[in-house]
Amino acid sequence: AQTVTQSQPEMSVQEAETVTLSCTYDTSESDYYLFWYKQPPSRQMILVIRQEAYKQQNATENRFSVNFQKAAKSFSLKISDSQLGDAAMYFCAYRIRQGAQKLVFGQGTRLTINP
Amino acid sequence: KAGVTQTPRYLIKTRGQQVTLSCSPISGHRSVSWYQQTPGQGLQFLFEYFSETQRNKGNFPGRFSGRQFSNSRSEMNVSTLELGDSALYLCASSLRTDSYEQYFGPGTRLTVT
């Protein structure tokens with residue numbers, strides 16, 4: 001069974017600084033997606049960034065980037081120039097690429113931005 | 001284009017009752033998935049529907065059921081409610097089953113007393 005683990009229940013960072021959220025996963029599949037979702041207090045789940053397992057290049061979306069280490073089954077999220085609006089729960093998620101939309105989520109990391 | 005809508009947004013039910021939650025996907029999206037979010041168990045997959053057919057089901061008891069209509073709208077039903085069913089129920093839609101992105105609705109907060 002696939003599992004996703006986020007070992008940091010809470011993180012905090014000063015505004016404008018950089019923070020890295022950790023995620024590890026376990027799967028026997030070779031073709032899959034990894035995602036980071038953000039859930040602000042409104043509870044609306046928002047996709048931050050995705051990574052296809054077959055791509056070696058790390059995904060980047062503006063201030064958000066990932067460090068994808070396939071052999072180590074590690075998928076961390078780096079947020080640069082942190083902003084107050086980045087405060088939220090962040091969930092790492094996994095799904096196989098073909099055949100199912102089922103997402104497997106980690107337990108989440110609560111990110112606080114200190115002004 | 002309107003996003004995923006879920007109704008009702010909040011619901012209070014009594015143990016033993018049943019409840020039906022509704023999800024309207026983004027126009028044109030044919031795949032709908034449901035998730036349960038609780039403080040203890042986190043986010044767990046309930047089921048996935050595509051073209052009115054259940055494609056996947058999570059590890060939940062038979063009290064949890066769902067369906068999808070020809071217009072892609074989906075409902076989930078929980079019978080004989082238990083206190084532990086109190087949760088945020090999230091619906092997500094995607095264009096196809098192999099689409100990489102799922103768009104989530106705002107959720108339905110169910111409280112069982």
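As a basis for the values below, the full set of heavy atoms in this structure was taken, side chains included, without hydrogen atoms, waters or symmetry mates. Numbered from 1 within each chain, the chains take letters A, B, ... in sequence-line order.
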Between B:G107, B:P106, B:G42, which residue shows the highest count of heavy-atom pairs closer than 4.5 Å to chain A?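 The candidate making the most pairs under 4.5 Å is B:P106.
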Heavy-atom pair count under 4.5 Å with chain A, highest-scoring of B:Q37, B:R55, B:E101: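 Ranked by heavy-atom pairs under 4.5 Å with chain A, first place is B:Q37.
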Is [X] close to chain B through its backbone or its side chain, or both, or neither, when contacts mean heavy atoms under 4.5 Å?
| X | result |
| --- | --- |
| A:Q39 | side chain |
| A:Q107 | side chain |
| A:L103 | both |
| A:R50 | side chain |

Checking [X] against chain A: side chain, backbone, both or neither under 4.5 Å from a heavy atom?
| X | result |
| --- | --- |
| B:L43 | both |
| B:Q44 | neither |
| B:E48 | side chain |

Between A:F68 and A:A53, what is the shortest heavy-atom contact and its length? CE2-O, 3.6 Å
At their closest point, which heavy atom of A:V13 faces which heavy atom of A:S82, and how far apart are they? CG1-OG, 3.6 Å
Side chains of B:N77 and B:E75: do they bring a donor and an acceptor to under 3.5 Å?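 Looking only at side-chain atoms, B:E75 and B:N77 do not form any donor-acceptor pair under 3.5 Å.
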Looking only at the side chains, is there a donor atom on one of B:S51 and B:R30 sitting less than 3.5 Å from an acceptor on the other? yes
Show the numbers, then the answer: is there a salt bridge (charged side-chain N to carboxylate O under 4.0 Å, His left out) between B:D85 and B:R63? CA-CA 10 Å; B:D85 298 332; B:R63 300 185 297 107; 2.8 Å; yes
Kindly indicate, with the supporting measurements, whether the criterion side chain to side chain contact (heavy atoms under 4.5 Å, CB included) is fulfilled by A:L21 and A:V19. CA-CA 7 Å; A:L21 308 184; A:V19 64; 4.2 Å; yes
Parallel, tilted or perpendicular: rings of B:Y35 and B:F104 (30°, 60°):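 Tilted: the ring planes of B:F104 and B:Y35 meet at 30° to 60°.
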